[in-house]
Amino acid sequence: MDKEYVGFAALPNQLHRKSIKKGFDFTLMVAGESGLGKSTLINSLFLTNLYEDRQLPEASARLTQTLTIERRGVEIEEGGIKVKLTLVDTPGFGDSVDCSDCWLPVVRFIEEQFEQYLRDESGLNRKNIQDSRVHCCLYFISPFGRGLRPLDVAFLRAVHEKVNIIPVIGKADALMPRETQALKQKIRDQLKEEEINIYQFPDCDSDEDEDFKRQDAEMKESIPFAVVGSCEVVRDKGTRPVRGRRYSWGTVEVENPHHCDFLNLRRMLVQTHLQDLKEVTHDLLYEGYRARCLQSLARPGARDRASRSKLSRRSTTEIPLPMLPLAETEKLIREKDEELRRMQEMLEKMQAQVQQSQAQGEQSAAL
Amino acid sequence: MDPLRRSLSPCSSRPTSCEMLGYVGIEAVLDQLKIKAMKMGFEFNIMVVGQSGLGKSTMVNTLFKSKIWKSTPSGLALGPTPQTLQLHSMTHVIEEKGVKLKLTVTDTPGFGDQINNDKCWDPILGYINGQYEQYLQEEILITRQRHIPDTRVHCCVYFVPPTGHSLRPLDIEFLQRLCRTVNVVPVIARADSLTLEERENFRRTIQHNLRTHSIDVYPQQCFDEDVNDKILNCKIRDRIPFAVVGADREHMVNGRCVLGRKTKWGIIEVENMEHCEFPLLRDLLIRSHLQDLKDITHNVYYENYRVCRLNESHMLPQGPGWVNLDPTPASPPAIPGPSKGCRWAQDNPSEEY
């Protein structure tokens, strides 16, 4: 019997088995102007047909279209592992003549998901919390522009503290290699200039092998990813069938790393960093939201509630978890406070009266 | 006129010398026109409109095979995108086989790039009308110049981004307003990102959109003069908007030197009809319909503008040599006389002037 063998080396296996049983859920948002190949890319990434029943609006309908948020769900299973993927789409973004504030519905949606999670987390039954928070946002940049457009900058600034952003250049087969490099550099410079925080890939450990490190560095260099999407298989004579787009001057292979960064994006999003995206959303972005939210409720009324609450064993400086951080509920709480105060005052008055009458009684008894 | 008729009639009673006299030499008039035109040269003004990065400058360079514009490659810091729409024109004289062409290209950087693009078409319409106004002012002078310099925009090439879906609201708003003022030729820009099938679908959708919103692009159906024109123009109308690709670099393909874009999966040849429809655009604008574009601008759009302006002629500024072209007197007859015109006034005494 090996005395030094405790047996917890098998813990990762237990975790592994539990996760498989539980399954993964992931919420991905795609945003960008229409016509940049978003739906095609999503279908290629996850090899599904999420947009089968999509009806593109007529040009006259687009004249009056406003931004809507659409959610589509699909369950993907591979190798015994189930992933429940929720896709959040933003049709109508950047389409109108006047796009001022068109990003506000998106920001509100992301915050609503955080709010819902905060409510669930602060609630009583925490067994089955549905995590509908947006874990990642793929933002599509047009390959035809000279970098980020004013609308892109405005949107990214509005959401960069609330969701992991991965910038992507859509329809990258419109660009020559030289142009792709120049555009990527321009976008990186602009992101730095505008101080937009995109998702930062964690550095790989120093004990990883050289190959992995090189691959990792290459992947980081190729951000924003220049992608091409396709669900069609091109069967040219003499060559093996590939997924790609056939033009009269050649065929773009989607899974060819020399043609586009699709493989990099897929590897990063699904194979290596899916869990990290969820963790960053939870540990960084959600916590940031929660802290901001609770701090905004740190007003004198809130602190009094803490001191008065008999069930509260915490110190008065700590703010108790609010039930619902919404404006109407705030009002309700304040009204209840008022009532409590009045009742307390009445109680005190009654107590005083009773004491008085007792004292009077004693006095008269003494007399 | 009589000698002419005699010489033209086939059954002349004159002897064989008639054949020598049969040739008048009217054809020589065409040569005279040609010589004159070559001496004077041609003028052509073209405007390119579209969002930045759609290849407008490259397209102009490719069309006229000369570096009229230093095309701005994407990624290079050329300065921030202009906050408001600015127009700038450049004039070049290019020559081919003795024929001189004075080409003016007007670019519109900043179009459609802002977050709020409402009324972004106003500067463009203002510019076009301004050119008409300039020509009108020259035309109504008493002593006119022999040849009025023509700065009117003859053709506006509108670049539609290759989304593959349909025309965007901005495109529709702009085209509706512009097709009433100038010849508009829409093109699908950067068409190398669409496969042939996608191009056809996109083209049909755009044609449907144009019909639905009553946008009449060049060549307009109502200006077809005869059957030949109709047939030719119908063929063109079927292919509008052309899916174009522009390039200003040359590459070697099968031993030939071609203008094209080189990617890792192939070379897109600009002048190859199987790759893109650039030759159709070039033929339309330069080889076959250049004069037609100018004629329609002069006879239709400019005349419309002139009529509008003359109707408000009391507002026309009175510069040097200004002529009052308004035939009717401004003030009504003060005293009703026995003339026909005033009988109406007598018949309707209640009518106020």
Side-chain angles (χ1 to χ4, degrees), chain A residues 33-37 56-65 94-102 142-147 149-151 153-154 170-187 189 228 232 244-253 256 258-260, chain B residues 51-55 72-78 80-81 83 112-120 161-174 189-198 205-206 208-210 212-213 249 260-269 272 274-276:
Chain A
E33 275 180 0
S34 66
L36 290 180
L56 284 169
E58 265 277 324
S60 17
R62 284 168 80 180
L63 284 172
T64 47
Q65 190 184 37
D95 267 353
S96 359
V97 177
D98 183 2
C99 299
S100 318
D101 296 337
C102 72
S142 169
F144 308 118
R146 302 265 161 75
R149 293 220 175 105
L151 179 62
V153 172
K171 290 197 171 170
D173 54 348
L175 299 171
M176 299 194 289
R178 182 173 43 103
E179 291 171 345
T180 318
Q181 285 312 312
L183 183 62
K184 282 188 182 183
Q185 189 56 46
K186 183 88 209 290
I187 293 177
D189 292 340
V228 178
E232 286 157 15
R245 289 170 63 75
R246 189 207 296 254
Y247 294 108
S248 21
W249 50 88
T251 304
V252 184
E253 294 168 33
N256 184 335
H258 295 293
H259 287 190
C260 71
Chain B
Q51 276 184 317
S52 62
L54 287 181
T72 46
S74 75
L76 283 188
L78 204 69
T81 12
Q83 286 306 306
D113 283 335
Q114 268 50 265
I115 296 180
N116 184 355
N117 291 310
D118 207 16
K119 306 266 188 306
C120 69
T163 57
H165 295 168
S166 66
L167 282 182
R168 299 167 305 156
L170 176 65
D171 302 332
I172 293 176
E173 294 279 330
F174 181 81
R190 303 288 286 258
D192 52 339
S193 63
L194 297 170
T195 60
L196 288 174
E197 211 183 278
E198 289 167 352
T205 315
I206 293 183
H208 174 75
N209 290 153
L210 292 175
T212 321
H213 291 93
R249 280 200 176 199
R261 285 168 67 78
K262 184 165 182 195
T263 57
K264 292 225 166 98
W265 46 90
I267 297 183
I268 304 156
E269 294 170 45
N272 185 339
E274 284 174 26
H275 291 188
C276 76

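Below, read A as the first sequence line, B as the second, and so on, with proteins coming before strands; counting in each chain starts at 1.
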| task | Check each atom of B:Glu269 against the heavy atoms of chain A and say whether the ones under 4.5 Å are side chain, backbone, both or neither. | result | neither
| For the side chain of B:His275 and the backbone of B:Ile268, is there at least one donor-acceptor N/O pair under 3.5 Å apart? | no
| field | Side-chain donor/acceptor of B:Asn117 to backbone N/O of B:Gln114, under 3.5 Å | value | yes
| task | Evaluate the criterion salt bridge (Lys or Arg N to Asp or Glu O under 4.0 Å) for residue pair A:Asp173 and A:Arg245; output intermediate values, then yes/no. | result | CA-CA 9 Å; A:Asp173 54 348; A:Arg245 289 170 63 75; 3.1 Å; yes
| said: For the backbone of A:Gly35 and the side chain of A:Lys171, can you confirm whether one donor and one acceptor N or O come within less than 3.5 Å of each other? | reply: yes
| message | Using only atom types and a distance under 3.5 Å, with no angle test, would you say the side chain of B:Thr195 pairs donor to acceptor with the backbone of A:Tyr247? | response | no
| field | Engaged part of B:Leu54 at the chain A interface, taking heavy atoms whose separation is under 4.5 Å | value | both
| query | For B:Pro162, is it the side chain, the backbone, both or neither that has a heavy atom under 4.5 Å from a heavy atom of chain A? | reply | both
| query | Name the one of B:Arg190, B:Glu197, B:Glu198 that satisfies side-chain contact (heavy atoms from CB on, under 4.5 Å) with B:Leu194? | reply | B:Glu198
| query | Hey, which of B:Arg261, B:His213, B:His208 has the most heavy atom pairs under 4.5 Å with chain A? | reply | B:Arg261
| field | Side chain / backbone / both / neither for A:Ser34 at chain B, heavy atoms under 4.5 Å | value | both
| query | Counting distance only, does the side-chain N/O of A:Gln185 pair as donor-acceptor with the main-chain N or O of A:Ala182 below 3.5 Å? | reply | no
| query | Using non-hydrogen atoms only, which part of A:Arg149 is less than 4.5 Å away from chain B: side chain, backbone, both, or neither? | reply | side chain
| message | Is B:Asp118 in contact with chain A via its backbone, its side chain, both, or neither, using a 4.5 Å heavy-atom distance? | response | both
| query | Between B:Ile267 and chain A, which part of the residue has a heavy atom less than 4.5 Å away: side chain, backbone, both or neither? | reply | backbone
| message | Heavy-atom pairs under 4.5 Å with chain A - which of B:Lys119, B:Arg168, B:Glu274, B:Lys262 has more of them than the others? | response | B:Lys262
| task | Return the option, out of B:Leu170, B:Thr163, B:Ile115, with the maximum number of heavy-atom pairs under 4.5 Å with chain A. | result | B:Ile115
| field | Full working for salt bridge (Lys or Arg N to Asp or Glu O under 4.0 Å) between A:Asp189 and A:Lys186 | value | CA-CA 5 Å; A:Asp189 292 340; A:Lys186 183 88 209 290; over 6 Å; no
| query | Can you tell which of A:Gly170, A:Gly244, A:Ala174, A:Gly250 has the highest number of heavy-atom pairs within less than 4.5 Å of chain B? | reply | A:Ala174
